[in-house]
Structure formats: structure tokens, C-alpha cells
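Reading through the C-alpha cells given below for one structure.
Naming: A, B, ... by sequence-line order, numbering from 1 per chain. Since the structure is predicted, the reported quantities are computational estimates derived from the model, not experimental observations.
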There are 2 protein chains.
Amino acid sequence: MLKYQHIADELEHYIEEHKLQQGDKLPVLQDLMVQFGVSKSTVTKALELLETKGVIFQVRGSGIFVRRHKRKGYISLLSTQGFKKVLEEFQITSKVIELDIRKPTKEAALNLNVSVDDDVYYVKRIRYIHGQSLCLEESYFNKSIITYLNNEIITESIFHYITEGLGLNVGFTDMFLHVDKLTEEEADYLGLKKGDPKLYVESIFHLTNGQPFDFSKVTYNYVQSQFFVQAVL
Amino acid sequence: MLKYQHIADELEHYIEEHKLQQGDKLPVLQDLMVQFGVSKSTVTKALELLETKGVIFQVRGSGIFVRRHKRKGYISLLSTQGFKKVLEEFQITSKVIELDIRKPTKEAALNLNVSVDDDVYYVKRIRYIHGQSLCLEESYFNKSIITYLNNEIITESIFHYITEGLGLNVGFTDMFLHVDKLTEEEADYLGLKKGDPKLYVESIFHLTNGQPFDFSKVTYNYVQSQFFVQAVL
DNA sequence: AAGTGGTCTAGACCACGAT
DNA sequence: TCGTGGTCTAGACCACTTA
């Protein structure tokens, strides 16, 4: 475990355990250096990480403070991939509608940077939060990277399998958001009415080496759709 | 100008000017150190900045590569505050509906961390993109921080005035997103129909010292609402 | 003036990828 | 094996806040 990663984790746990609130002051840099027995740069690196994650903010000449919003029930758009952490916070389940190997659509091939003759895994599922329909999800996985999938895996967390099972490193994601009206098919799946609002998100997930491996099209139930984004700068 | 900031700017301009595409390779660390006459750490800091901004990605043992998505016409949810940079890219205009000094609602007072007896500036305006209605915006500004506003200022960029005119430093923002149906009033302002979809975003803007100064409630026209988010890790 | 975070350096050593 | 980026150090100096 990297030192700065460890320090960041410790601090985050500390904030969580002691239920610190927005504006609460953390120990000064000097103290953290001594406490963890590392150099100033390493503490700084850990703090930069937490700042980018929206956990703290630093004020020159003043100190290090906790950043916390007060609202509950919002899903972070940035919290790692998909629902990795959300799975723990909320009760999310999945129902698989389709799973097969096929040739990608032109759109999927373009976004995955493969040929329309290459194989992809196609997954269609509905996800539920606390028993309510949360979203309808269609995913295309580059089969030369995600070499195997089955019903059990995609009923659980796909990303857990990709990182732990396949040992792949997820790097970054591009997400495109639209608001529109539900089609009849989508409304049926989500238990809503045709013409109701929807949040539609297309995501392209890349490995750390830049290869796209997952192109997903997700339609969210507007009733359950509460997202938050924390921006810095 | 900070060295690492300057290097980051230069690299970003370089990518822009030479129309580099996703996956194009940039000079290696060693070369950048020599080219800019700085230490390794400084180049690294610049590259981390660009990585967080979604401009590049780095692969250990391999190199530094350009990160670029192909889609046009999307507004970044994270690109600095509001529409600072978007103003240059797109043609955005504003029509002011209301501007006055008043006592905040309980909701606004809570989010701005002021008393309901304190004064706030209230701004209501419609923003247009290429002549089409983009959003209806209601903002509350803490008057003890934003000491003066007038019609001219809020017709242009409020954030430009806050940073340049008032010399304040914007630090971070919490944004909460919902999808819902338009009310009759909102539909009228945006030129849509009651019940049409909307993206509703509440934002709380903070100074670098953590003080909230702007609480905004924005309703987006779903037809114009194309957003993107670039996530790392 | 004292305290606190931010920038920058020079250099050692490590981990991963290409060949 | 070699090139490349990533981590970490010890320390100098700077910029801002607080009192």
C-alpha cells in the first residue's frame, strides 16, 4: 500500500468515525508528518487526493478543513465506476434481461474502438434500488479484453469482477448526459409511463492504458434519480 | 504565474493547436523537464493537473497520451464554475427577469450558511444558447460577500465579475441533480410544455476559504441539455 | 511576527511496459 | 534489459491568514 494512499484512507476514516462536519479543522501539516512519519510532500500528496475527491479543502495560512454536504440519498456521478461504492451504501439489485456474444452496432464499435466484425458481450439489465427500479442498462464489452462473462457475474458487480477477477485496471471514463422522454419500451421496464422524463447517460470506460472496454447506455428512472457532483476550482 | 500552471497551459494549447487526437503521444517526462527547464516534480505536477482535467492520461512504462472525446456540443459539468469557459465556446446570452436585495428563504439561508435576517441578492434570469432557451436560473448571493450587483453585471458573466471585479477566489462547488417534469411557470419561461422533462440542478458555490456565497437553482431545457463528465479512477 | 499551506528542487529508488 | 512514469525524501523559499 502506498504511503499517501494509506494516509488518505486513514484521514477519511477518521472523518467518518468522528462524524466531523463541514468546516471542522484537521491537524496541521506538521503534525500529520510526525504522526505518520513521512515527509511533507507525501502528506501533501494525500491531501491533494482528498481535496480532489471532495473530502477536504485546504486554506493557505489557515488550515485543513472537512468538506461535507448535508444531503442524503444522492448518488455521486464521480464516485469511481458505476456503483462500486454505492453498492455498499444503498441496497442495489439487478435483473438480467439479456446476455450474449454478438457483433456490435456501428455506434458501439465506434465507441469501443473495435471493428463491427469483432465480438462483444452484450448485457441488458434492470437495476433496482431498495426494490424500486433505478435504471435500464445496456452494455457492450470488448470481448478481447473482457474475455468471459456469465449470468452470475453480471447479476453482481461487473466492476468488482473486472478488477478482482480479471485483474484489469480501470483508468477513466467519459460520460454523456441527456434528458429526454421515455419510449414505451423503456417505460415498461421501469414501471413508468411513456413520455415521462428520463436521464439518459452514455459512458465509455477505459483501462489505465487508454483502451476502451465498456460502452454503456443507461436510462434512469427520474423518480430515483438524485445525483451529486463535487467540483474543485 | 506558477511554473506548473504555465507548463499545463502550454501543453493544453499545444494539443489544441496541433489538433492532437485521443491516444497521441506527448514528449516524455525527461524531455519536458529539459524543454521547460524545471525539475521532474514540477512537470509531474503539471501533468497531474491535466490528468485531473481530463486532458491527458499517463501510462507507467509507456508514456503520456492525449485524452479527447469526439463529441461536440456538450457542456462540461465540471469545467470551472457555471459557464466561464462555455461562454467562449458557445454563444450564450441572458435576459434578466428579477434583481433585488431581499431576505433569503429558509432553504437559501441554510445553504448559504446565513440567517434569514441577513440580506441576499436575488437574481432570476433566463439564459439562451444560440438564441434557444437553455435554462431558467434563480440565484441567491450572500450580500456580505457579494457586496454589489447591477443589471449590467448579471447580464454578462457573474463569475467574471466576482473573480476580476471583486477579487474573490472561487474554491469549490456542490451540485445536486434531479430529473423531473416542468411546472407551468417554468415551461412558459423556457418555451416548452407543462410536464415536459427538465434537468434541475442546485449548486452551492464556495470561496477558497470554504464560505458559501452563491446558492443557485437552475432548470434546464431538456432539448438543449447535453452535458459531459470526465472521471478519473 | 508567527503559523500554515503551496511551490520547487535534486536525487534516490521503485513498478510497469516495450523489445 | 532499458525506458518510462510513480513514489518519496529533506530542505529551501514563498504566499496567505491570524492575531
Side-chain angles (χ1 to χ4, degrees), chain A residues 1-11 23-52 55-67 145 163 167-172 206-211 232-233, chain B residues 1-11 23-52 55-67 145 163 167-172 206-211 232-233:
Chain A
M1 170 74 91
L2 298 172
K3 287 190 185 180
Y4 78 87
Q5 187 62 258
H6 173 248
I7 296 169
D9 289 350
E10 288 285 310
L11 288 174
D24 285 355
K25 201 169 186 296
L26 292 174
V28 299
L29 257 173
Q30 183 60 232
D31 293 352
L32 293 172
M33 286 169 63
V34 175
Q35 179 183 336
F36 291 103
V38 298
S39 72
K40 183 176 172 180
S41 310
T42 304
V43 175
T44 300
K45 186 84 192 271
L47 294 174
E48 279 169 1
L49 188 63
L50 291 176
E51 194 155 31
T52 305
V55 175
I56 62 163
F57 61 95
Q58 300 184 73
V59 185
R60 177 164 12 193
S62 181
I64 304 158
F65 303 91
V66 173
R67 178 176 172 195
I145 300 173
T163 52
L168 296 171
N169 298 307
V170 178
F172 54 93
H206 305 255
L207 300 178
T208 43
N209 68 9
Q211 271 192 292
V232 179
L233 251 180
Chain B
M1 170 73 90
L2 298 172
K3 287 190 185 180
Y4 78 86
Q5 187 62 260
H6 173 248
I7 295 169
D9 289 350
E10 290 285 311
L11 288 174
D24 285 356
K25 201 167 184 297
L26 293 174
V28 299
L29 255 173
Q30 185 59 236
D31 293 351
L32 293 173
M33 286 169 62
V34 175
Q35 180 182 336
F36 291 103
V38 298
S39 71
K40 183 176 173 181
S41 310
T42 303
V43 175
T44 300
K45 185 85 191 271
L47 295 173
E48 279 170 359
L49 188 64
L50 292 176
E51 194 155 31
T52 306
V55 175
I56 61 164
F57 62 95
Q58 300 185 72
V59 185
R60 180 170 0 201
S62 180
I64 304 159
F65 304 91
V66 173
R67 177 176 174 195
I145 299 174
T163 51
L168 297 171
N169 298 306
V170 178
F172 54 92
H206 305 255
L207 299 178
T208 42
N209 68 8
Q211 271 191 292
V232 180
L233 251 178

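If you take CG of A:Leu26 and P of C:dT4, they are 14 Å apart, rounded to a whole angstrom. As rounded to whole Å, 12 Å separates atom C1' of D:dT7 from atom CD1 of A:Ile7. As a whole-Å value, the separation of A:Leu32 CG from D:dT9 P is 13 Å. Between the P atom of D:dG5 and the CG atom of B:Asp31 lies a distance of 9 Å, rounded to the nearest Å. Note: CE (A:Met33) to P (D:dC8) measures 14 Å, nearest angstrom. In this structure, CG of B:Asn169 is placed 15 Å from P of D:dA15, rounded to the nearest angstrom. Across the protein-nucleic acid pair, B:Arg60 atom CZ and C:dC14 atom C1' stand 7 Å apart, rounded to whole Å. Between the CG atom of A:Asn209 and the P atom of C:dC16 there is a distance of 14 Å, given to the nearest Å.
Picking from C:dT9, C:dT7, C:dC14 the nucleotide with the shortest atom distance to the side chain of B:Lys3 gives C:dT9. Of the listed nucleotides (C:dA10, D:dC8, C:dG6), C:dA10 has the atom at the smallest distance from the side chain of B:Ser39. The side chain of B:Leu2 approaches C:dT7 more closely than any other nucleotide in the set C:dA18, C:dT7, C:dC14. Nearest nucleotide to the A:Val38 side chain, out of D:dT4, D:dT9, C:dG5: D:dT9. Considering only side-chain atoms of B:Val28, the nucleotide from D:dG5, D:dC16, D:dT17 that sits closest is D:dG5.
The nearest pair of heavy atoms linking B:Ala46 to B:Tyr4 is CB-O, 3.3 Å. Contact record, A:Val59 with B:Thr208: CG2-O, 3.5 Å, taken as the closest heavy-atom pair. Here the shortest heavy-atom pairing between A:Ile64 and A:Leu47 reads CD1-CD1, 3.6 Å.
Mapping A:Gly61 and B:Lys25 onto DNA chain D by nearest heavy atom places B:Lys25 closer to the 5' end of the strand. When each of A:Met1 and B:Leu29 is assigned the nucleotide of DNA chain D with its nearest heavy atom, B:Leu29 is the one assigned upstream, toward the 5' end.
Checking the phosphate oxygens (OP1, OP2) of C:dC8, no side-chain nitrogen or oxygen of B:Tyr4 falls inside 4.0 Å. In this structure, A:Ser62 reaches the D:dT18 phosphate: one of its side-chain N or O atoms is under 4.0 Å from OP1 or OP2. Residue A:Gln30 places none of its side-chain N or O atoms closer than 4.0 Å to OP1 or OP2 of C:dG3.
With B:Glu51 contributing its side chain and B:Gln58 its backbone, the two residues share a donor-acceptor pair below 3.5 Å.
Against DNA chain D, the stretch residues 40-49 of chain B makes heavy-atom approaches under 4.0 Å through B:Lys40.
For the pair B:Leu32 and B:Ile7, the minimum side-chain heavy-atom distance is 4.5 Å or more.
Listed by chain and residue number, A:Ser41, A:Thr42 satisfy the side chain to side chain contact (heavy atoms under 4.5 Å, CB included) test with A:Ser39 (two or more places apart in sequence, or in another chain).
B:Leu2 contributes atom CG, which lies 10.0 Å from atom CG of B:Leu49 (distance to the nearest 0.5 angstrom).
Ring geometry for A:Phe57 versus B:Phe172: interplanar angle of 30 to 60°, hence tilted.
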